[in-house]
Amino acid sequence: MPSLSLVLPAYNEADNIEPMVAEATPALEANVDDYEIIVVDDGSLDDTADVTRRVIENHPHVRLVQHPVNQGFGAAVFSGFTNAVKDWIFYTDADRQFVLSELAHFVPYMAQADLIAGYRAPRRDPFLRVLYGKGWSMVCTLLFGYTVRDVDCGFKLFRREIIQQLAPQIASRGATFSIEWLVRAKRANYRFVELPVTHRPRVAGSQTGANIDVIVRAFRELVQLRLQLWHEGGFNDQ
């Protein structure tokens with residue numbers, strides 16, 4: 001089996017890191033022979049980094065990438081992607097809202113796809129967060145065309161070469177990061193497959209997606225991305 005890097009972006013997820021690694025380890029061992037788990041601490045204000053260091057003592061396949069200050073969701077994911085060294089990258093959130101054993105459903109598609117994207121079926125978040133998410137996905141589709149059904153679903157498996165090729169082009173470091181790398185991967189003619197994944201309510205930690213600063217940054221980067229893609233491909237390009 002190809003080797004695999006699991007990327008876990010984390011902001012104030014001290015309560016989730018240890019159980020997350022405990023769930024991820026058997027899921028990875030059941031599907032690949034060679035793997036690593038990269039926890040990206042995005043300037044957390046809690047003990048996320050210290051907990052990760054304790055976990056590393058018993059799990060040498062875990063690595064810590066640390067931002068000295070909070071840089072944003074996209075920056076954390078990007079750091080994880082660019083620090084990964086295995087053939088494939090499996091990205092999921094550190095909040096334990098996904099069932100990691102469902103990675104087994106994705107593995108059979110690795111021979112025919114470059115990127116396998118999960119979509120939450122259904123999404124188990126508070127009503128307003130689900131509403132905001134649907135609105136965001138609609139705006140992204142309107143501006144850039146269809147990429148995947150659930151743009152921000154934190155359960156994706158893809159070839160590392162996608163990031164190796166696209167990293168110099170990706171400028172977004174906030175919530176817009178997700179749509180930017182998907183749009184650029186689609187334009188580079190990588191093959192996509194979409195599969196449903198189980199989504200669970202958050203049991204620890206807190207979400208930051210509804211923070212006004214996060215939202216403003218996301219829309220600012222979204223406009224910048226649309227203008228940049230027009231500049232790269234002409235104003236008739238979507």
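Hydrogens, waters and symmetry mates play no part in the numbers below; they use all other heavy atoms, side chains included.
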Among D46, D42, D47, which residue satisfies the side chain to side chain contact (heavy atoms under 4.5 Å, CB included) criterion with N12? D46
Looking at [atom1] of [X] and [atom2] of [Y], how far apart are the two atoms once the value is rounded to the nearest 0.5 Å?
X	Y	atom1	atom2	value
I170	F78	CD1	CZ	6.0 Å
L8	D95	CG	CG	10.0 Å
I179	T147	CD1	OG1	3.5 Å

Mind checking what makes ring-ring contact (aromatic ring centres under 6.0 Å, His included) contact with F73, not counting sequence neighbours? none
Smallest heavy-atom separation, I56 atom then V62 atom, equals CG1-O, 3.5 Å
Transitively linked via ILVMFWY side-chain contacts under 4.5 Å: L166 with F177? yes
Does F144 belong to the same Ile/Leu/Val/Met/Phe/Trp/Tyr cluster as F219, with side-chain heavy atoms less than 4.5 Å apart forming each link? yes
Could you check L115 against K186 for side chain to side chain contact (heavy atoms under 4.5 Å, CB included), going step by step and ending with a plain yes or no? CA-CA 10 Å; L115 187 151; K186 199 82 163 183; over 6 Å; no
Restricting to side-chain contact (heavy atoms from CB on, under 4.5 Å), what partner residues turn up for Q66, sequence neighbours left out? D41, A49, R53, L64
Tell me whether E232 is salt-bridged to R184, with the criterion being a basic N under 4.0 Å from an acidic carboxylate O. yes
Salt-bridge criterion met for R160 and E36 (N-O under 4.0 Å): no
With sequence neighbours excluded, residues passing salt bridge (charged side-chain N to carboxylate O under 4.0 Å, His left out) with R96: none
List the steps, then state whether side chain to side chain contact (heavy atoms under 4.5 Å, CB included) holds for R191 with R159. CA-CA 10 Å; R191 302 165 297 170; R159 299 181 190 275; 3.5 Å; yes
From the list F155, F158, Y91, F98, ring pair (Phe, Tyr, Trp, His ring centres under 6.0 Å) with F106 holds only for F155
